[in-house]
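Note sheet for the following structure.
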Amino acid sequence: MSRSSRYRNSEIKAGIWILISLGIFAAFIVAVSGAKFWKELDFYHVQLDYVGGLEVGSPVRMGGMAVGKISQISIRQEDNASIGLTIEVRKGLNIKSNTVAYLSFVSITSEHHLELDPSHKPAPLLKPGDLINSKDLTTMDGMMDQMVNVGDTLKEILHRV
């Protein structure tokens with residue numbers, strides 16, 4: 001066996017081992033990161049006036065259980081006031097037409113997420129791509145404005161008395 005053919009065989013063996021090692025390393029990274037490729041998803045839309053803290057990749061939960069994530073956020077061109085969210089959830093998740101989506105967080109320091117609140121009343125199922133009903137929670141500014149109105153009303157009542 002010539003010297004050049006020995007180098008060639010060694011190079012081929014080394015290349016095969018490098019490819020095998022890279023494959024094992026890639027599988028390890030995928031396993032550790034929890035990435036799931038080729039999973040089937042359904043997409044739905046939600047409109048909110050306030051998304052404080054939500055961003056692409058924020059979790060979507062139903063009954064506190066993670067069922068998906070936010071895949072897109074955009075300001076709606078029609079009214080420039082509300083924000084459109086596109087969410088992706090696992091395929092086959094039964095979302096009824098009376099389900100309500102809202103901004104939520106478990107505690108002040110926890111991550112914000114979009115909560116889907118399914119009603120226990122019977123209703124037809126939404127089709128992927130449909131708009132999920134939503135409700136906006138009162139912000140601290142909104143509550144302060146309401147308190148000012150209550151204060152003004154109280155002053156008026158006391159003045160009349």
Side-chain angles (χ1 to χ4, degrees), residues 11-150:
E11 290 169 353
I12 290 172
K13 287 178 186 175
I16 290 172
W17 279 112
I18 289 171
L19 287 175
I20 290 171
S21 299
L22 287 173
I24 291 171
F25 180 70
F28 174 75
I29 295 296
V30 167
V32 167
S33 69
K36 295 179 183 167
F37 299 104
W38 304 291
K39 63 181 174 181
E40 295 185 41
L41 302 170
D42 286 334
F43 294 86
Y44 293 90
H45 302 283
V46 176
Q47 290 178 14
L48 294 171
D49 291 335
Y50 178 74
V51 294
L54 291 180
E55 51 192 37
V56 171
S58 291
V60 174
R61 298 181 183 277
M62 183 179 277
M65 183 178 79
V67 294
K69 66 180 182 178
I70 296 173
S71 60
Q72 185 178 3
I73 299 177
S74 60
I75 296 175
R76 293 181 38 86
Q77 298 299 322
E78 295 83 29
D79 56 11
N80 257 359
S82 63
I83 299 166
L85 304 173
T86 301
I87 62 170
E88 57 185 50
V89 297
R90 66 174 186 252
K91 189 162 187 72
L93 183 68
N94 292 331
I95 299 178
K96 298 186 286 186
S97 59
N98 57 0
T99 297
V100 177
Y102 58 91
L103 169 66
S104 181
F105 51 93
V106 178
S107 70
I108 294 173
T109 58
S110 70
E111 178 181 41
H112 290 77
H113 64 275
L114 186 71
E115 184 73 30
L116 301 178
D117 186 15
S119 173
H120 297 290
K121 296 177 184 173
L125 295 177
L126 292 175
K127 295 184 294 266
D130 284 350
L131 181 68
I132 298 173
N133 296 324
S134 63
K135 68 178 177 182
D136 285 299
L137 301 179
T138 304
T139 62
M140 193 59 95
D141 291 336
M143 288 193 311
M144 293 305 288
D145 287 344
Q146 289 176 355
M147 293 305 285
V148 167
N149 291 340
V150 168

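- In terms of modelled atom types and a separation under 3.5 Å, the side chain of S71 and the main chain of T86 share a donor-acceptor contact.
- Considering NE2 of H113 and OG of S58, their distance stands at 10.0 Å, rounded to 0.5 Å.
- No side-chain donor-acceptor contact under 3.5 Å links E115 to the backbone of A101.
- Residue I95 holds its CD1 atom at 9.0 Å from CG of L125, rounded to the nearest 0.5 Å.
- Within 6.0 Å of NZ in K69 there are 12 or fewer heavy atoms belonging to other residues, nucleotides or ligands.
- Rounded to the nearest 0.5 Å, atoms CG (L114) and CG (L103) are 7.5 Å apart.
- By the 4.5 Å heavy-atom criterion applied to side chains, T99 and N133 are not counted as neighbours.
- Shown here for H45 and G129, the closest heavy-atom pair between the two residues is CD2-O, 3.1 Å.
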Would I87 and I132 count as a side chain to side chain contact (heavy atoms under 4.5 Å, CB included) if you check the C-alpha gap in whole Å, the side-chain angles of each, and the deciding distance to 0.1 Å?
-> CA-CA 10 Å; I87 62 170; I132 298 173; 3.9 Å; yes

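- Going from atom OG of S134 over to atom CG of L116 covers 11.0 Å, rounded to the nearest 0.5 Å.
- Residue N98 comes nearest to P122 through the heavy atom pair ND2-O, 4.2 Å, listed as atom of the first residue, atom of the second, then distance.
- Between P118 and M62, the closest side-chain pair of non-hydrogen atoms falls below 4.5 Å.
- The two residues A66 and R90 come nearest to each other via the heavy atoms O-NH1, 4.2 Å.
- For the atom pair OG of S21 and CG of L19, the computed distance is 9.0 Å after rounding to the nearest 0.5 Å.
- Within 6.0 Å of CG in L41 there are more than 12 heavy atoms belonging to other residues, nucleotides or ligands.
- Side-chain atoms of K135 never come within 3.5 Å of backbone atoms of V100 as a donor-acceptor pair (strictly under, hydrogens ignored).
- Across all their heavy atoms, V56 and I73 have their closest contact at N-CD1, 3.7 Å.
- Scanning for side chain to side chain contact (heavy atoms under 4.5 Å, CB included) contacts around K91 gives E40, D42, with sequence neighbours left out.
- Partners of S97 by side chain to side chain contact (heavy atoms under 4.5 Å, CB included), not counting sequence neighbours, listed by chain and number: A123, P124, L126.
- L93 and Y44 make their closest contact through O-OH, 4.1 Å (heavy atoms, listed as atom of the first residue, atom of the second, distance).
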